[in-house]
Amino acid sequence: MPELPEVETTIRGLAGFLEGETIARARVNRPDLRRPFPPDLVQVLTGAKVTHLSRRAKYGLIHLDRQQAMIFHLGMSGRWRIDPEEIGKHDHLVLETGAGHVLALNDARRFGSVDLVDEAALDQFAPFAAIGPEPLGPDLTPQHLKRAFAGKITAVKVALLDQRLVAGLGNIYVCEALHRAGIRPDKPAGAVSLPKLKLLVPAIRDVLNESIAAGGSSMRDYAKPDGELGYFATSWRVYGREGQPCHCGGTVERFVQGGRSTFWCRKCQK
DNA sequence: GCTTACACCTGAACGC
DNA sequence: TGCGTTCAGGTGTAAG
């Protein structure tokens, strides 16, 4: 997916077309993504006014003037298309605004999801209920990670992907942040020292902020809502660079952890 | 309770 | 050209 920076970029892009706008028409082109669409989705969206948009972890929230929010997750291949020339086979949810813009939620692999949640019950929305602190917020601190990792024998790279410990981190940015902090990805999470965690927290923030500033990564399936590709991919230091030199003079290696590719440099990550 | 493996689905890339 | 295999950003669930 679309990891946190891509969702943030998407939300900012969508806001320009949706905030303050009325959804004149809505339709779904199939019954489900990962889960079924809410049965009343079209009814609730049609005629609703969008008050604002926000993001929690990798979820995008479209807040309506009906005390409800539509929450979308882009899964691994989801993206919003703005004013597409034609509706494609993977445009599963299509909105038309009062201003005449067409917004299509496109998700070839259908790992994404769409939910409707009462504004008053957002904290009880299951994926939000047990989620960790936002990595760009004040609650992600070295001390939080120390507590969250205490006693864990799971590799630190796998632990960072656990949304209960930190919200919104995905495979790419975890690889990049661990590299910047000089931490071995296969080190047991509980064995990472506080000084190392004090390097890791700013590394996470930096890699995310730089990616957001660059408009997200240009993964194969990802594009900003306006169709442009993000440019952060060109800034990756280890991800997808197996066999290529590291800036320290070492070589980027790849191995599999928990079924996912991990990229790292054994010379500068200890 | 913690950790690991796997399923979910499609399309691109690659080798033969 | 066509076919088969492998791999990919995530998350939830079941098994150990």
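Bear in mind the structure is a predicted one, so any value in this text is a computation, not a measurement. Only heavy atoms go into these numbers, but all of them, side chains included; no hydrogens, no water, no symmetry mates.
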Nucleic acid footprint by protein, nucleotides 1-7 of chain B - heavy-atom cut-off 4.0 Å, B for base, S for sugar-phosphate alone: --SS---
A/Phe111 CZ - B/dC9 P separation (whole Å): 8 Å
Touch class at under 4.0 angstrom, heavy-atom based, for A/Ser261 against every strand present: sugar-phosphate
Heavy-atom donor-acceptor pair, A/Arg109 side-chain to B/dC9 base, under 3.5 Å: yes
Spacing between A/Leu4 atom CG and C/dT11 atom P, to the nearest angstrom: 11 Å
Partner set under side chain to side chain donor-acceptor pair (under 3.5 Å) for A/Arg30, not counting sequence neighbours: A/Asp32
Interatomic distance where CG belongs to A/Asp91 and C1' belongs to B/dT10 [whole Å]: 15 Å
By ring-ring contact (aromatic ring centres under 6.0 Å, His included) - contacts of A/Phe125 (at least two apart): A/Phe128
A/Asp162: salt bridge (charged side-chain N to carboxylate O under 4.0 Å, His left out) partners, not counting sequence neighbours: A/Arg164
Under the salt bridge (charged side-chain N to carboxylate O under 4.0 Å, His left out) test, residues paired with A/Arg241 that sit two or more places apart: none
Contacts of type side chain to side chain donor-acceptor pair (under 3.5 Å), residue A/Asp65, not counting sequence neighbours: none
Nearest-Å distance for atom pair NZ/C1', residues A/Lys89 and B/dT10: 8 Å
Ion pair A/Arg35/A/Asp115, N-O distance below 4.0 Å: yes
Inter- and intrachain pairs under side-chain hydrogen bond (donor to acceptor under 3.5 Å, both in side chains), touching residues 89-102 of chain A, at least two apart: A/Arg25-A/Glu96, A/Arg81-A/Asp91, A/Asp83-A/His101, A/Asp91-A/Asn106
A/Asp32 CG - B/dC8 C1' separation (whole Å): 11 Å
Pair listing, side-chain hydrogen bond (donor to acceptor under 3.5 Å, both in side chains) test, anchored in residues 127-150 of chain A, at least two apart: A/Arg55-A/Glu134, A/Arg56-A/Glu134
P gap between C/dC7 and B/dA5, integer Å: 16 Å
Sugar-phosphate only, base, or nothing, as touched by A/Arg35 at under 4.0 Å among non-hydrogen atoms: nothing
Check: A/Trp80 ring centre within less than 6.0 Å of A/Phe72 ring centre: yes
Between P of B/dT10 and CE of A/Met76, the distance in whole Å: 13 Å
Secondary-structure notation, DNA chain B, from Watson-Crick and G-U pairs under 3.5 angstrom (| other strand): .|||||||.|||||||
Between C/dC7 (P) and A/Asn171 (CG): distance, integer Å: 14 Å
Distance test, side-chain N/O of A/His90 to OP1/OP2 of B/dT10, below 4.0 Å: no
Separation of atom CG in A/Asp107 from atom C1' in B/dT10, rounded to whole Å: 10 Å
